[in-house]
Amino acid sequence: MASAFNLLTAGGAKFDKNRFQRDFELFGGKKDRKGKGKASTKPTNLHNATTLPHSLDFFGDHPAAPSKPVQVEVESDSDSDASSSSSSSSVHIAPPTQKITLTGSDPLPKSLDTSLSSLTSLDSASTPSRGGETLLKALKTANINSLWGVQCAVGGCLLEGRDTICVAPTGSGKTLSYILPTLVKLGDPSRSLKETEEGKGVRALVLVPTHDLAIQIHGVVNAVTRGRSWRSLVLTKATEKAVCDSSPGPSRSKQNADGQPEEDVEDDEQSEDDEESTGSVDEFAQPKSGNPSGLGIDILIATPERLHHLVETSRISLASTRHIILDESDRLLSPDFLPQVEPILKGCTHQDVQKSFFSATMPSGVEEIAKKWIKDEGVRVVVGVKDSAVTTVDQSLLYTGSESGKLLALRNLISTGSLPYPSLIFVQSIERADELYKNLILEGIKVDVVHGGRGKSKRDEAIKNFRLGHVWMLVVTEVLARGMDFRGVKVVINYDFPQTVQSYIHRIGRTGRAGRPGKAITYFNVEDGPYLRTIANVLRSSGCPVPDYMLDMRKPTKDQKRNLAKAPIKRKAVGGGGRDVAREDGRKRKQMVEASKKRKVKLDE
DNA sequence: AAAAAAC
């Protein structure tokens with residue numbers, strides 16, 4: 001326990017002001033490009049274009065703002081970016097450093113050093129050529145000047161062509177850790193490769209559990225491929241056709257194991273009709289050669305369901321895909337998604353396809369599933385302590401007594417001005433999200449709500465406004481718990497108790513990113529009692545004080561399960577709910593307890 | 001039990 005604490009605190013406390021700044025720009029760039037009325041400045045000028053309101057300006061008003069660097073032991077030599085172009089920074093602040101553990105068959109890949117050039121200078125199988133040079137240039141434009149720990153380690157693995165499972169904390173830089181090496185391995189954009197086999201179809205596939213995360217990752221890709229002709233798309237209804245068109249002809253899918261040859265031909269005819277109706281080129285004029293335009297998609301970012309559908313109906317082939325990345329992979333390999341994800345993985349039939357799996361949490365049961373898809377030469381990268389919360393978040397638990405007590409507590413925070421913005425409020429259901437949203441409007445705050453029941457464009461809009469600072473508080477469901485990078489978020493409030501440890505870790509990981517401080521407050525009531533202990537253990541492992549009685553609380557037994565989802569926000573908690581023992585719940589609680597035990601056991605990893 | 005993810 002103590003060792004875990006030390007390990008964690010040794011890690012999270014370094015700062016890289018340059019890096020934060022460029023991260024902001026990175027995402028600002030995406031927003032601005034899409035912004036309607038916004039002055040369409042160059043993406044790099046975003047910081048100026050969308051000046052942060054004071055409340056969002058982390059470095060301006062936070063007491064812990066590193067006007068001088070936080071003093072932590074320096075063990076990395078990532079000082080190469082000290083002379084960055086960033087105006088307001090003569091101080092060098094190092095990125096978060098944590099212990100990184102690689103396991104796998106020998107020889108283990110050598111970690112890259114923190115300089116960007118280590119991405120392209122490697123004499124790996126890839127063709128360095130001009131691709132590397134222009135990538136470096138693009139990174140500098142995006143104000144990315146050095147690699148972080150996870151990016152060095154994962155970069156080494158992916159560049160060597162190894163399949164990889166990576167468990168790294170929230171906000172530690174996982175997205176870039178797979179995007180950058182993938183770009184290097186792809187070498188040149190499909191546009192420059194149109195005559196070659198390699199440039200066709202979906203060249204790299206990133207699979208994520210939510211639409212919103214897909215959009216965000218697309219923004220990252222855009223930011224690091226600025227000025228080049230890389231073709232990256234999010235698979236949506238709108239882009240579906242273009243994505244199918246990029247797929248090599250059906251002749252290819254015939255070679256696949258599960259292909260349905262006869263129907264392919266008919267599908268082809270069908271597609272052709274669709275083509276013409278949308279005024280596209282006659283891509284399928286030559287069915288057997290397929291996609292004569294030769295325009296592939298370099299990086300496709302997709303959610304499982306739509307892609308699964310396209311694969312199952314043979315409208316798209318992943319037979320030429322060389323890279324498949326599962327982000328939030330424990331979620332994607334959970335029973336909810338597995339039926340869709342498995343066929344997609346199966347569809348990647350190229351003999352050289354590289355598979356990689358990423359998450360901040362990785363229950364061992366799920367990791368076993370991931371391993372089944374990985375070659376013997378696979379590498380496991382663990383940054384810090386697996387399945388632990390980031391230590392940069394100040395976590396606390398707050399007893400609110402009753403349902404109405406929650407709203408009271410939140411209102412109190414707001415009215416006393418003690419709730420720093422921007423903040424993120426998690427609730428358990430769509431209904432409760434809408435209801436809390438309505439209540440908060442009455443408080444006169446700039447608030448919006450995001451959940452799966454809202455249209456995609458509304459979601460995009462709300463998230464954009466939140467990033468821009470036009471929205472101070474976002475009421476959300478689990479949909480935004482994972483992966484979303486709101487760099488400025490100061491507080492996460494778990495208005496409703498998270499249902500799993502994983503959920504808790506991901507939710508509070510929306511703040512305290514990249515070594516920055518953050519705060520997480522979790523409300524709980526009597527009915528959350530059984531689950532409290534598990535979460536309390538997480539707090540303690542990451543160094544946050546927890547009253548002893550919480551850890552002593554009895555293990556979850558057959559407590560009545562509150563139907564929280566249907567409980568109105570305003571109403572007082574109704575006593576005497578269902579008394580029945582929900583077997584499902586028992587099972588899940590056991591998993592939670594198991595997971596936390598395992599976490600403790602594996603502290604020395 | 002809810003959420004998410006296609007039509």
Side-chain angles (χ1 to χ4, degrees), chain A residues 205-217 234-241 243-244 270 274 300-316 326-344 359 425-436 449-456 458-460 463 475-484 494-500 502-504 506-507 527-528 530-531 556 558-569 577-589 591-592:
Chain A
L205 172 64
V206 178
L207 212 52
V208 291
T210 64
H211 163 82
D212 312 273
L213 185 51
I215 299 291
Q216 176 179 286
I217 292 169
V234 174
L235 179 60
T236 61
K237 189 175 184 177
T239 63
E240 195 179 275
K241 269 193 167 51
V243 172
C244 291
Q270 206 62 41
D274 291 350
L300 179 68
I301 304 146
T303 45
E305 206 160 358
R306 187 177 294 272
L307 182 58
H308 173 233
H309 184 244
L310 294 182
V311 169
E312 288 291 273
T313 56
S314 300
R315 292 185 61 202
I316 192 175
L326 271 66
D327 204 347
E328 307 300 342
S329 54
D330 57 334
R331 179 84 183 95
L332 290 175
L333 297 175
S334 75
D336 282 344
F337 281 107
L338 198 58
Q340 300 154 40
V341 170
E342 249 175 348
I344 292 171
S359 185
I425 320 284
F426 282 96
V427 295
Q428 197 51 47
S429 73
I430 291 175
E431 289 75 19
R432 287 173 62 80
D434 282 333
E435 202 165 347
L436 181 56
V449 59
V450 171
H451 55 64
R454 292 194 85 189
K456 299 278 198 289
K458 296 267 188 179
R459 277 157 69 170
D460 294 349
I463 288 170
V475 178
V476 302
T477 60
E478 203 65 17
V479 69
L480 291 198
R482 283 172 174 261
M484 298 307 294
N494 286 318
Y495 193 89
D496 291 336
F497 211 71
Q499 295 190 335
T500 62
Q502 287 79 21
S503 167
Y504 178 77
H506 285 276
R507 282 183 181 187
E527 60 266 26
D528 301 314
Y531 307 89
K558 41 175 125 180
D559 295 81
Q560 65 224 38
K561 174 65 181 178
R562 293 278 306 120
N563 194 350
L564 185 57
K566 284 187 181 147
I569 291 284
R579 279 248 151 171
D580 41 314
V581 186
R583 218 172 301 164
E584 274 292 294
D585 294 334
R587 193 175 58 82
K588 245 170 210 154
R589 282 198 296 265
Q591 284 174 359
M592 286 167 69

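Order of the sequence lines sets the chain letters (A, B, ...), proteins ahead of strands, with each chain counted from 1. Basis for what follows: all heavy atoms, side chains included, without hydrogens, waters or symmetry-related copies.
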With a non-hydrogen cut-off below 4.0 angstrom, is [X] in contact with a base, only sugar-phosphate, or nothing?
X	answer
A/His451	sugar-phosphate
A/Pro304	nothing
A/Arg482	nothing
A/Leu310	nothing

Answer yes or no: is there a donor N or O on one side and an acceptor on the other, between the side chain of [X] and the main chain of [Y], under 3.5 Å?
X	Y	value
A/Gln216	A/Gly483	yes
A/Gln340	A/Glu305	yes
A/Asp496	A/Gln428	yes

Atom pair distance, as rounded to whole Å: [atom1] in [X] and [atom2] in [N]:
X	N	atom1	atom2	value
A/Leu480	B/dA2	CG	P	20 Å
A/Asp212	B/dA3	CG	P	15 Å
A/Ile316	B/dA6	CD1	P	14 Å
A/Glu305	B/dA4	CD	C1'	8 Å
A/Arg454	B/dA4	CZ	C1'	17 Å
A/Lys241	B/dA6	NZ	P	16 Å
A/Arg331	B/dA5	CZ	C1'	9 Å
A/His211	B/dA5	NE2	C1'	12 Å

Counterpart residues, salt bridge (charged side-chain N to carboxylate O under 4.0 Å, His left out), relative to A/Arg331 (two or more places apart):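 Salt bridge (charged side-chain N to carboxylate O under 4.0 Å, His left out) list for A/Arg331, sorted by chain: A/Asp336.
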
Under the salt bridge (charged side-chain N to carboxylate O under 4.0 Å, His left out) test, which residues partner A/Asp330, sequence neighbours left out? A/Arg482

Is there a side-chain polar atom (N or O) of [X] under 4.0 Å from OP1 or OP2 of [N]?
X	N	answer
A/Thr477	B/dA4	yes
A/Thr303	B/dA6	yes
A/Arg432	B/dA1	no

Starting at the 5' end of DNA chain B and moving along, which residue's nearest nucleotide shows up first, A/Lys456 or A/Asp336?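 Here A/Asp336 is the residue nearer the 5' end.
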
Is a donor-acceptor pair below 3.5 Å formed from side chain A/Gln428 to base B/dA1, judging by atom type as modelled? no

